[in-house]
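Input: a single structure, listed below in structure tokens.
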Amino acid sequence: MTEYKPQQLDQKWQAQWTAARAFEVQEDPARPKYYCLEMFAYPSGHAHVGHVRNYIIGDVMARTKRLRGFNVLHPVGWDAFGLPAENAAIKTGTPPETSTFNNIAHMKGQLQRLGVSYAWDREIATCLPEYYKFNQWIFLKMFERGLAYRKRSTVNWCPSCQTVLANEQVVEGACWRCGTVVETRDLEQWFFRITAYADELLQGLETLAGWPEKVVVMQRNWIGRSVGARVRFPIADGAIEVFTTRIDTIHGATFVLLAPEHPLVERFAAESPDPAAFRAALAKFRALDRDARLTGKEGFDTGRTARNPFTGADVPIWVANFVLAEYGTGAIMAVPAHDQRDFDFARKYGLPIRVVVQSGDQTVPAGTMSEASTSYGRLINSGEYDGQESPAVLTRLIADAEERGIGAGEVQYRLKDWGISRQRYWGTPIPIIYCDRDGVVPVPLDQLPVALPKVTAFTGKGDSPLAQVPEFVTTTCPVCGGPARRETDTMDTFVDSSWYFLRFCDPRNTDLPFDPANASYWMPVDFYSGGVEHAILHLLYSRFFTRVLRDVGLVAFDEPFRRLLTQGMVLKDGAVMSKSKGNVVDPDDMLSKYGADALRLYVMFVAPPEKEVEWSDSGLEGSFRFLVRVWRLVDHWAETIGGEGIPPCGDDGTDAERRLRRKTHETIRRVTADIEERMHLNTAVSSLMELVNELYVFSEGTVHGAPSRHPQELGEVERMQSIAALREATDALVLMLSPFAPHAAEEMWQLLGHTESLAQAQWPGFDPAVAQAAEVVVPVQINGKVRARLTVPAATTDDELRALALSDAAVRQHLDGRTVRKVVVAKGPLVSLVVQ
RNA sequence: GCGGAAGUGGCGGAACGGCAGACGCGCUAGCCUCAGGAGCUAGUUGGAGCAAUCCAGUGGAGGUUCGAAUCCUCUCUUCCGCACCA
């Protein structure tokens, strides 16, 4: 009797895996590949059990696929650039690279203690020059193609911290760090032209059958494709262009609205009879603009008019807070009768409302409307278009507008180009040089990487920290050799994570981001898991980068991730774990108490992987108890059933033996499907628990002496057949348990006399003939309720079942003289009687 | 407001139109123990019954079906995402 000592097993097997480089892989075209990836981690310091869940989900998939014969790539890396390290440097003076590498070292230890089967030889960290060199390489390729460009744009600025903030760092209009109200500043920024791929990214969503519908929908909404028309409303000296999806309502456009930032607003001010008064109104308006944007409809009259090109009427031009400068043309035609926002605005300022679409039979007079009518219908008050139905009339109106030269069909996207400039230190330098003579000059590819210089003093004040490093800024122009300045902004860290999965295919390449041949072998990622918080940004950017690299010629596919699992968070006391709340469950505490396997098993068993779960100490104990139970069983039988020379199971077993074998094969079928097809890892574990329960039942029924589940009293098996059945069940159990509890499984595999390690083993085979019971229990339903059960040979025909059901005593009692109107024999099998 | 997902025992959850509550946690009783926060056995949706068994039951109301937790319609609730996108 050996005791289950998980900590010893963890150490022993982790050391063996490391020594044997057990999970390192090479490209091998002869074998089917499987690329299993978890979203790589930001090295924040300590992983909590929420992170652990993600790694273990991936590890269960990776380990299962290895046993299934796949060449499995399961790499690990670090999303190592980012703000927290830099903020820590400002606060404590610890250089970002120091804290980052310390954190990586600690978290790496945690992952290793969990026994995650990573290909450690492929480990990457995005903050290393050998990695970010290729961020720069890709940037330059995009620059070449016009996909990276520079323009002035508005950024968030914290006047107290003297720095730019990302949108995510602005909480309710204030700086996340100091709470100061955030201002906006116009800066020259670099952008990636993701909008060039908007349609392709949208259409590609249709092919993502292995993604959660939720994520697909979120991306579709984020891209936000709108089909409509651009229409010109002439003004005295030019025209205002508006974008509309409802050109069918254009005869009801009774005024035009401009965004406060619209270029014409400034011109109107200058040309107004009283520019000072106009500017005062505008200034007042802009002051309340930020909050008013969210709360209500605000505006003021410019005193000018535009002509509705379809009605010929002159309509007033107003400025309105709710019109967005960055969407469409920054100007809209307002149709108060058929748009709720325009309706509210018209009512507030007494502007005319004109009904032009009739949805029901009766016309609603504009004066009595309580809200806008936004549905399609038959046009009225629309001149020659009266009586036509929208949406069909949309096409005709667009065609007519094109013919008259006043507009054209147009598609708009909510998706905007991706601003990647960050006025921060701890990121990839943008490989651009500014020369007074040659302008914006890309750093030549052979001069990469543009290395991030060491900075010692982090103040958090002023512009980009790199601007304060003269030896970095000062350089020579690659074109003319004259004095020049380097770009001092760094790239958004989302750039780093947009292609790292490709780098894993060839992580040590010094010439290219990766060898196309390697990527062609490993990609796409077959299984990708991570938090749903990346549903849009990271997953959209990665799809964008993949297409860019396709056009550059490095890959030959469009979609990087075949199957996506968004894992749920682990909560403690109903809240997300965080240091400030003091509710963090540290995996290391759990490891020292119960070992890696119990923790792994628990987080897989507690709920389906995509569900949010509440951490439970007693649940973890339950998983530990289960492992002890398995251990005792295997330890007890190992000598009897282990080693060589156990014959395969025959066909002439006793009932108990047949029953155990049936359970074994049924479990193989279920566990395999649960992991590979359904990703229901929780039910895979519960099936294994059932098999263990069955093994204990079998042990009682086939041994000498008093039946007992006391391990000490488990007896001897009498028949070679029983030994064979036990061996089959136990081998299958250990193999199927190994993805979840790899350390205990390796040890038990050895105990059972296997000389090769689990790394060389194969997943157990499923035999449907064995899983098939000789006798089946067939429920009999009467009017939908089960009233009897028939135990019949599996081969019983439908006709026989029908006859047996009708003659069954319990059934007859329930029929009680009533007439049977219909008998259905369904697959299952199951007999259903309809009785009147 | 729009969009998405989900409502099943005391709890986490099973059940891919066919026996509701698998598996586990917790709880109850018992066994074993010097002892036990160990192990084992039995029970554990509610109601009725000594019992076999019967009745009700998957947020609510309808519907489709021989048969619905599952599909459809409406409705309530919760969570998540986007939030003036013209």
Side-chain angles (χ1 to χ4, degrees), chain A residues 212-218 220-222 224-226 228 242-246 249 253 257 259 293-297 320-324 326-335 338-342 344-345 412-416 532-533 535-536 568 601-602 605-608 610-623 625-626 628-629 632 670 673 677-678 680 682-693 696 707-713 777-789 810 820-835:
Chain A
E213 182 63 19
K214 174 188 175 142
V215 175
V216 171
V217 169
M218 281 166 75
R220 186 178 296 131
N221 293 341
W222 186 263
R225 184 175 196 265
S226 290
V242 302
F243 174 74
T244 179
T245 55
R246 291 295 302 274
T249 65
L257 297 174
R293 273 254 156 109
L294 299 168
T295 51
K297 305 283 174 286
N321 67 326
F322 66 92
V323 179
L324 305 173
E326 63 273 19
Y327 185 77
T329 60
I332 63 167
M333 64 175 207
V335 185
H338 305 295
D339 181 283
Q340 190 57 41
R341 295 155 299 175
D342 300 348
D344 294 342
F345 195 82
Q412 281 284 341
Y413 300 91
R414 299 177 66 171
L415 181 69
K416 289 175 210 127
V532 73
E533 66 273 18
I536 297 174
L601 193 74
Y602 167 66
F605 175 62
V606 64
E610 39 307 274
K611 285 237 4 177
E612 199 169 80
V613 296
E614 172 71 26
W615 175 261
S616 151
D617 285 328
S618 50
L620 174 58
E621 277 181 56
S623 292
R625 279 203 291 271
F626 169 71
V628 172
R629 228 162 113 73
R632 277 206 318 257
R670 281 169 59 187
E677 287 157 37
R678 308 200 311 160
H680 284 199
N682 57 325
T683 52
V685 175
S686 66
S687 295
L688 293 175
M689 289 172 167
E690 285 186 57
L691 178 59
V692 170
N693 290 343
Y696 270 94
S708 165
R709 294 183 189 184
H710 278 280
Q712 302 88 329
E713 296 175 26
V777 175
V778 180
V780 181
Q781 294 182 339
I782 297 174
N783 291 344
K785 290 219 181 300
V786 176
R787 297 302 187 188
R789 285 163 220 279
V820 177
R821 297 182 62 183
K822 194 168 178 182
V823 182
V824 176
V825 180
K827 67 168 166 51
L830 170 145
V831 182
S832 182
L833 306 180
V834 189
V835 168

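Using a 4.5 Å cut-off on side-chain heavy atoms (C-beta onward), A:Val606 and A:Trp615 make no contact. Side-chain contact between A:Lys214 and A:Val532 is present, with at least one heavy-atom pair separated by less than 4.5 Å. For the pair A:Lys785 and A:Asn783, the minimum side-chain heavy-atom distance is 4.5 Å or more. Using a 4.5 Å heavy-atom threshold, the side chains of A:Gln781 and A:Leu830 count as touching. Contact check for A:Ile332 versus A:Asp342: side-chain heavy atoms found under the 4.5 Å cut-off.
In this entry the distance linking CZ of A:Phe605 with P of B:C11 reads 17 Å, nearest Å. Atom CG in A:Asp344 sits roughly 17 Å away from atom P in B:A86 (whole-Å rounding). Whole-Å rounding puts the A:Glu610 CD to B:C80 P distance at 18 Å. For A:Phe243 and B:C85, the CZ to P distance is 12 Å, given to the nearest whole Å. Rounded to a whole Å, the CZ atom of A:Phe626 is 13 Å from the P atom of B:C40. We find that CD1 of A:Ile782 is positioned 17 Å from P of B:C66, with the value rounded to whole Å. Atom-to-atom, CZ of A:Arg414 to P of B:C85 comes out at 8 Å; the value is rounded to the nearest Å. Look at CG on A:Leu688: it is 16 Å from P on B:A14, rounded to the nearest Å.
Proximity of A:Arg629 to the phosphate of B:C40: a side-chain N or O atom is located under 4.0 Å from OP1 or OP2. In this model, the phosphate group of B:G13 is approached by a side-chain N or O of A:Lys611 to a distance below 4.0 Å at OP1 or OP2. Contact annotation: A:Asn221 side-chain N/O to B:C85 OP1/OP2 distance is not under 4.0 Å. Under 4.0 angstrom from either OP1 or OP2 of B:A15 there lies at least one side-chain N or O belonging to A:Arg678. The phosphate of B:A14 (OP1 or OP2) has a side-chain N or O of A:Asn682 nearer than 4.0 angstrom. Dashed line: the shortest gap from a side-chain N or O of A:Arg632 to OP1 or OP2 of B:A38 is not under 4.0 Å.
The shortest heavy-atom contact between A:Arg246 and A:Met333 is O-CE, 3.6 Å. Taking both residues in full, the closest heavy atoms of A:Met218 and A:Ala535 are given as CE-CB, 3.7 Å, listed atom of the first, atom of the second, then distance. The shortest heavy-atom contact between A:Leu257 and A:Phe345 is CD2-CE2, 3.5 Å. Taking every heavy atom of both residues into account, A:Arg629 and A:Asn693 meet most closely at NH2-OD1, 2.7 Å. A:Val786 approaches A:Pro779 most closely through the heavy-atom pair CG1-CB, 4.2 Å. Nearest approach of A:Ala607 to A:Val613, heavy atoms of both residues: CB-CG1, 3.1 Å.
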Legend entry - B/S/- contact track for nucleotides 52-65 of chain B, protein heavy atom under 4.0 Å: --SSS---------
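A:Arg678 meets the salt bridge (charged side-chain N to carboxylate O under 4.0 Å, His left out) test with A:Asp674; sequence neighbours excluded. Annotation: salt bridge (charged side-chain N to carboxylate O under 4.0 Å, His left out) contacts of A:Arg220 (sequence neighbours excluded): A:Glu206.
A:Asn221 and A:Arg414 form no side-chain donor-acceptor contact under 3.5 Å, judged by distance and modelled atom types alone.
Here the separation of B:C32 from B:A22, taken at their C1' atoms, is 30 Å to the nearest Å. For B:A15 and B:G1, the C1' atoms lie 37 Å apart once the distance is rounded to whole Å. Comparing the P positions of B:C31 and B:G17 gives an interatomic distance of 48 Å, to the nearest angstrom. Annotation: B:U8 and B:U70 have their C1' atoms spaced 12 Å apart (nearest Å). Rounded to a whole angstrom, the distance from the P atom of B:A42 to that of B:G24 is 12 Å. Rounded to a whole angstrom, the distance from the P atom of B:A56 to that of B:A68 is 13 Å. Spacing of P atoms, B:G10 relative to B:U75, comes out at 29 Å, to the nearest Å. Rounded to whole Å, the separation between the P atoms of B:A83 and B:G3 comes to 16 Å.
For the atom pair OG of A:Ser686 and NE2 of A:His680, the computed distance is 11.0 Å after rounding to the nearest 0.5 Å. Distance CG/A:Leu688 to OG1/A:Thr683: 10.0 Å, rounded to 0.5 Å.
Ranking B:G81, B:A86, B:A22 by closeness to the A:Met218 side chain, first place goes to B:G81. In the set B:C80, B:G24, B:A86, the nucleotide with an atom closest to the side chain of A:Thr245 is B:A86. Listed nucleotides: B:A86, B:A15, B:C82. Nearest to the side chain of A:Trp222: B:C82.
Residue contacts for A:Pro608: at a heavy-atom cut-off of 4.0 Å it reaches the sugar-phosphate backbone alone, with no base atom in range. Using a 4.0 Å heavy-atom cutoff across all strands shown, A:Asp342 reaches no nucleic acid atom at all.
In this structure B:G81 sits in the anti conformation; its chi angle is more than 90° from 0.
Put simply, the side chain of A:Tyr602 never gets that close to the backbone of A:Asp617: no donor and acceptor are under 3.5 Å apart.
Where A:Ser687 and A:Val613 each meet RNA chain B at their nearest nucleotide, the meeting point lying more 5' is that of A:Val613. Residue order along RNA chain B, read from the 5' end via each residue's closest nucleotide, puts A:Pro829 first among A:Pro829 and A:Val532.
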Restricting to nitrogen or oxygen on both sides, can you table the protein-nucleotides 25-29 of chain B pairs closer than 3.5 Å?
unit_1: B:C25; atom_1: OP1; unit_2: A:Arg625; atom_2: NE; d: 3.4
unit_1: B:C25; atom_1: OP1; unit_2: A:Arg625; atom_2: NH2; d: 2.8
unit_1: B:C25; atom_1: O2'; unit_2: A:Ser618; atom_2: OG; d: 3.1
unit_1: B:G26; atom_1: OP2; unit_2: A:Arg625; atom_2: NH2; d: 3.2

Output a table of nitrogen or oxygen pairs between the protein and nucleotides 67-69 of chain B separated by less than 3.5 Å.
none

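The strand RNA chain B forms stems, runs of 3 or more Watson-Crick or G-U wobble pairs with distances below 3.5 Å, at B:1-7 with B:76-82, B:10-12 with B:23-25, B:26-31 with B:39-44, B:45-48 with B:53-56, B:59-63 with B:71-75.
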